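Computed from a predicted structure; not experimentally measured. Below, chains carry the letters A, B, ... as their sequence lines are ordered, and counting in each starts from 1.
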There are 2 protein chains.
Amino acid sequence: MSVTLKDVAQAARVSVSTASRALTGTGLTSERTQQRLVRIARELGYRPNPIARGLKTGQSRLVALLVHNLTNASFQVMAEVVQARLKALGYQMLLCIGGDDPQQESDTLTTLVDHRIDGLIVVPTGKNGAQLKALAKDVPIVCLVRCDDATDLETVLADDPQGAYLGTRHLIELGHRRIGLIVGRQDTTSGRERLSGYVRALREAGITRDDTLIHAGHYVPETGVTCARKLLDLPRPPSAIFVANHEATLGVLRVTAERNIAIPDDLSLLCYEDMPWFEWHRPAISIVDNGARDLANLAVDRLLHRMDAKGNGNDGVREYRVGARLIKRDSCRHIDAPAPAKSGKSKSSSSKSSAAKSAKV
Amino acid sequence: MSVTLKDVAQAARVSVSTASRALTGTGLTSERTQQRLVRIARELGYRPNPIARGLKTGQSRLVALLVHNLTNASFQVMAEVVQARLKALGYQMLLCIGGDDPQQESDTLTTLVDHRIDGLIVVPTGKNGAQLKALAKDVPIVCLVRCDDATDLETVLADDPQGAYLGTRHLIELGHRRIGLIVGRQDTTSGRERLSGYVRALREAGITRDDTLIHAGHYVPETGVTCARKLLDLPRPPSAIFVANHEATLGVLRVTAERNIAIPDDLSLLCYEDMPWFEWHRPAISIVDNGARDLANLAVDRLLHRMDAKGNGNDGVREYRVGARLIKRDSCRHIDAPAPAKSGKSKSSSSKSSAAKSAKV
DNA sequence: CGATAGACTGCAAACGATTGCAGAAACGCT
DNA sequence: AGCGTTTCTGCAATCGTTTGCAGTCTATCG
């Protein structure tokens with residue numbers, strides 16, 4: 001069916017071993033035969049069979065990326081980055097979707113090692129620590145975004161405490177004092193860390209923390225709806241809301257639209273993580289960028305390092321943090337500044353009256 | 001490192017061949033040894049090595065899905081569907097991202113066959129017909145969403161003519177006579193087909209086609225911006241816009257927001273393809289659903305069929321069409337009905353005045 | 001009781017590459 | 001010329017399976 005090494009060897013009238021050495025460049029061949037073989041191989045359209053090679057060498061040129069889903073924008077860019085980097089190095093990416101489900105994760109992991117993957121980047125559920133730990137003996141593994149406390153795996157994390165701090169401080173600098181926070185469940189690391197960053201910024205600014213302004217929930221739009229309602233129904237509603245997760249943002253936007261609350265005039269809105277449409281939205285939504293692209297790149301770097309180091313690429317560092325950064329767009333406004341009378345923003349003046357409750361803050 | 005067939009055979013005091021036959025269930029073993037081996041294999045934690053097996057059988061249990069990107073919502077759900085289906089059957093999905101770039105597509109295709117994939121579902125760029133055709137001899141292939149005219153590959157397509165027709169008719173039924181269309185480039189099948197559906201609906205309703213209402217462009221937000229501007233700047237702007245692609249929708253929404261055009265009161269908006277946030281947007285955006293989920297499922301069905309049929313799963317059918325359907329939400333309104341005075345919609349009354357131009361239609 | 005079919009089992013050769021080892025060739029040196 | 005190096009090449013084993021073929025064993029039947 002396809003051209004094998006044997007065919008090349010025969011055509012060149014040498015043994016298979018010589019052909020192999022010449023083509024893999026293991027240097028033990030004379031310059032002349034080397035070049036001759038390369039030429040013949042090209043002429044015949046020879047392509048080494050990775051399966052056969054894998055059987056002998058124990059490698060597959062396959063690297064797996066295991067994420068929870070593809071609807072999350074961060075995972076999308078990570079997948080694209082990882083794929084691009086790996087391809088450039090001659091690896092194929094096996095993209096697996098675990099659905100944040102421990103059982104699925106576990107199944108996937110076993111079939112992946114069956115396939116003798118050369119490396120693995122995984123966003124762990126946190127429930128398969130033992131298995132991961134065992135696999136780590138055979139395969140270089142790097143954890144991404146979340147860490148699995150049951151393992152001592154190298155992990156590349158977003159700097160959530162700093163990101164949340166940066167965002168909150170930004171709002172404070174704009175004069176906001178009552179800042180609502182919609183954050184992830186407190187039994188997740190990211191949930192806890194984002195809260196802590198928020199709290200730190202408040203403390204630094206000498207603002208006392210008001211727990212009625214803090215709401216935690218799952219990373220789904222519904223959370224945004226219910227939390228936004230609670231916040232806006234407060235006797236003294238916040239003048240700004242920091243939504244520490246992009247799924248919930250959908251819900252918040254819906255509530256503000258329903259109540260005719262103008263952003264940023266009546267309410268400033270800041271989100272965590274970017275989505276492609278945020279900058280197209282009117283007003284364009286300011287965000288704290290968790291650096292998905294950087295995270296993915298670093299994870300690949302670390303993985304490649306481990307793969308090269310053959311077993312002990314352990315540099316002592318266990319946790320890498322990728323800095324977050326603030327991207328200012330149009331959804332946050334200084335609380336004391338008068339509403340700009342720019343054309344196309346006239347909406348705000350009209351809606352302000354009807355959304356008196358929150359505008360009065 | 002890991003348990004091999006030999007280990008199992010030794011533990012059971014039989015030959016490797018017997019072990020192989022017992023575990024693969026090739027029926028040529030006695031009931032007793034069969035069960036004994038299965039038990040022993042399980043005890044030892046034996047897992048067959050797909051690489052070794054693949055070398056002998058020429059199969060890899062790998063099926064590839066090649067799409068353009070992951071930012072497109074349709075591709076996301078397709079990837080998730082394909083992955084789920086395949087996993088259930090013991091295949092691993094190789095997800096590849098081709099970026100709609102012929103060169104990348106070509107490269108990817110060759111490394112995929114190198115890896116001896118058992119099947120391929122591809123959204124073709126259309127520029128590598130010859131290569132695809134050649135590969136089809138070795139590997140079952142199904143094209144998805146787009147067809148490659150240079151091949152005679154089995155293809156699963158969305159029913160774009162019908163979808164566009166459905167959407168346009170819906171708008172007509174709502175009393176619209178001047179319906180703007182923002183559609184894909186006319187050198188793509190989908191671009192042409194969606195236009196044809198639109199035209200057909202118009203003709204059926206006895207509305208004469210007005211080419212100033214039809215704009216074609218790339219599938220990017222910028223297209224939406226420029227086309228929307230052109231449409232709204234028309235002496236007699238349309239009362240409804242049908243955006244036949246979801247990326248451009250972003251741009252259209254931005255323009256309407258900038259100009260304070262209320263949807264659906266001042267302008268009805270209908271989009272092609274769903275995005276997760278469309279139903280959370282206020283107003284929730286009505287769409288024509290291209291049936292990404294169904295498309296993916298059908299593609300998998302067809303591929304599995306071909307894989308089973310070993311070479312001639314050709315049932316004569318070359319093109320499968322998956323029906324589109326209309327999902328009515330809140331962004332389209334009957335042109336003659338008075339603006340509902342529902343609470344939370346008061347915005348429209350104010351903005352109508354400032355966006356007089358388009359409101360006057 | 002012997003022959004023979006039938007049911008299992010094992011040997012050994014594949015699949016397509018890599019690689020240790022030993023032999024061959026070429027070369028320089030005394 | 002003889003010897004030792006060095007450089008290249010080929011043989012053959014190996015990776016973990018599957019599978020054709022031949023051999024063994026049991027059972028059945030005449």
Between the protein and nucleotides 23-25 of chain D, list the N/O to N/O atom pairs that are separated by less than 3.5 angstrom.
none

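- An angle of 60°, rounded to 10°, separates the two end axes of the helix from C:dC1-D:dG30 to C:dT30-D:dA1, each defined over five pairs.
- With the nearest nucleotide of DNA chain C identified for both B:R13 and A:L5, B:R13 has the one nearer the 5' end.
- In this entry the distance linking CZ of A:R61 with P of C:dA17 reads 16 Å, nearest Å.
- In this structure, B:R293 places its CZ atom where only 12 or fewer heavy-atom neighbours from other residues, nucleotides or ligands lie under 6.0 Å away.
- Closest of all the heavy-atom pairs between B:G58 and B:D118 is O-OD1, 4.5 Å.
- Heavy-atom minimum distance, A:V14 versus A:A19: CG2-N, 4.3 Å.
- Nucleotide C:dG10 holds its P atom 9 Å from the CZ atom of B:R21, rounded to whole Å.
- In terms of the salt bridge (Lys or Arg N to Asp or Glu O under 4.0 Å) criterion, residue partners of A:E273 (sequence neighbours excluded) are, by chain and number, A:R194.
- Rounded to whole Å, atom P of D:dT18 lies 8 Å from atom CG of B:L23.
- For A:S20, whose side chain is taken as the heavy atoms from C-beta onward, the closest listed nucleotide among C:dT19, D:dT18, D:dG10 is C:dT19.
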Verdict with reasoning, A:R116 to B:S2, per side-chain hydrogen bond (donor to acceptor under 3.5 Å, both in side chains): CA-CA 11 Å; A:R116 301 294 188 276; B:S2 63; 3.2 Å; yes
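- A:D107 contributes no side-chain N or O that, together with a main-chain N or O of A:Q104, makes up a donor-acceptor pair within less than 3.5 Å.
- Annotation: ring-ring contact (aromatic ring centres under 6.0 Å, His included) contacts of A:H115 (sequence neighbours excluded): none.
- The CD atom of B:E31 sits 16 Å away from the C1' atom of C:dT9 (whole-angstrom rounding).
- A:D149 pairs by the salt bridge (Lys or Arg N to Asp or Glu O under 4.0 Å) definition with nothing, not counting sequence neighbours.
- Residue pairs meeting the salt bridge (Lys or Arg N to Asp or Glu O under 4.0 Å) criterion with at least one member in residues 34-46 of chain B, sequence neighbours excluded: B:R39-B:E43.
- An OP1 or OP2 oxygen of C:dT9 is reached within less than 4.0 angstrom by no side-chain nitrogen or oxygen of B:S17.
- For A:T125, the side chain to side chain contact (heavy atoms under 4.5 Å, CB included) test picks out A:H68, A:D100, A:P102, A:E105, A:K127, A:N128, with sequence neighbours left out.
- Near DNA chain D, meaning a heavy atom under 4.0 Å from it, residues 40-52 of chain A has no residue at all.
- A:Y91 is linked by a ring-ring contact (aromatic ring centres under 6.0 Å, His included) to nothing, counting only residues two or more places apart in sequence or in another chain.
- In this structure, B:R36 atom CZ and C:dT9 atom C1' are separated by 12 Å, rounded to whole Å.
- Side-chain nitrogen and oxygen atoms of B:R53 include at least one within less than 4.0 Å of the OP1 or OP2 phosphate oxygen of D:dT18.
- The side chain to side chain contact (heavy atoms under 4.5 Å, CB included) search around B:A158 returns B:D160, B:N290, B:L295, not counting sequence neighbours.
- Regarding B:L55, its CG atom lies at a distance of 14 Å from the C1' atom of D:dT19, rounded to whole Å.
- Across all strands, A:T4 comes closer than 4.0 Å only to sugar-phosphate atoms, never to a base (heavy-atom distances).
- The NZ atom of B:K6 sits 15 Å away from the P atom of D:dT18 (whole-angstrom rounding).
- Close to D:dT7, at under 4.0 Å from its OP1 or OP2, lies no side-chain N or O of A:T29.
- Taking all atoms of both residues into account, the shortest heavy-atom contact from B:L55 to A:A52 is CD1-CB, 3.6 Å.
- The side chain of A:K56 approaches D:dC15 more closely than any other nucleotide in the set C:dC11, D:dC15, D:dG16.
- Taking 4.0 angstrom as the limit, B:T33 places a side-chain polar atom (N or O) nearer than this to OP1 or OP2 of C:dT9.
- Residues of residues 107-114 of chain A that place a heavy atom closer than 4.0 Å to DNA chain D do not occur.
- Here A:S30 reaches the OP1 or OP2 of D:dT9: one of its side-chain N or O atoms lies under 4.0 Å away.
- Whole-Å rounding puts the A:R32 CZ to C:dA25 P distance at 15 Å.
- Side-chain atoms of A:T18 lie closest to D:dT9 of the nucleotides C:dT18, C:dT9, D:dT9.
- Counting only residues at least two apart or in different chains, side chain to side chain donor-acceptor pair (under 3.5 Å) contacts with residues 47-56 of chain B comprise A:D114-B:R47.
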Working for side chain to side chain contact (heavy atoms under 4.5 Å, CB included), residues B:D138 and B:V113: CA-CA 8 Å; B:D138 296 346; B:V113 282; 5.7 Å; no
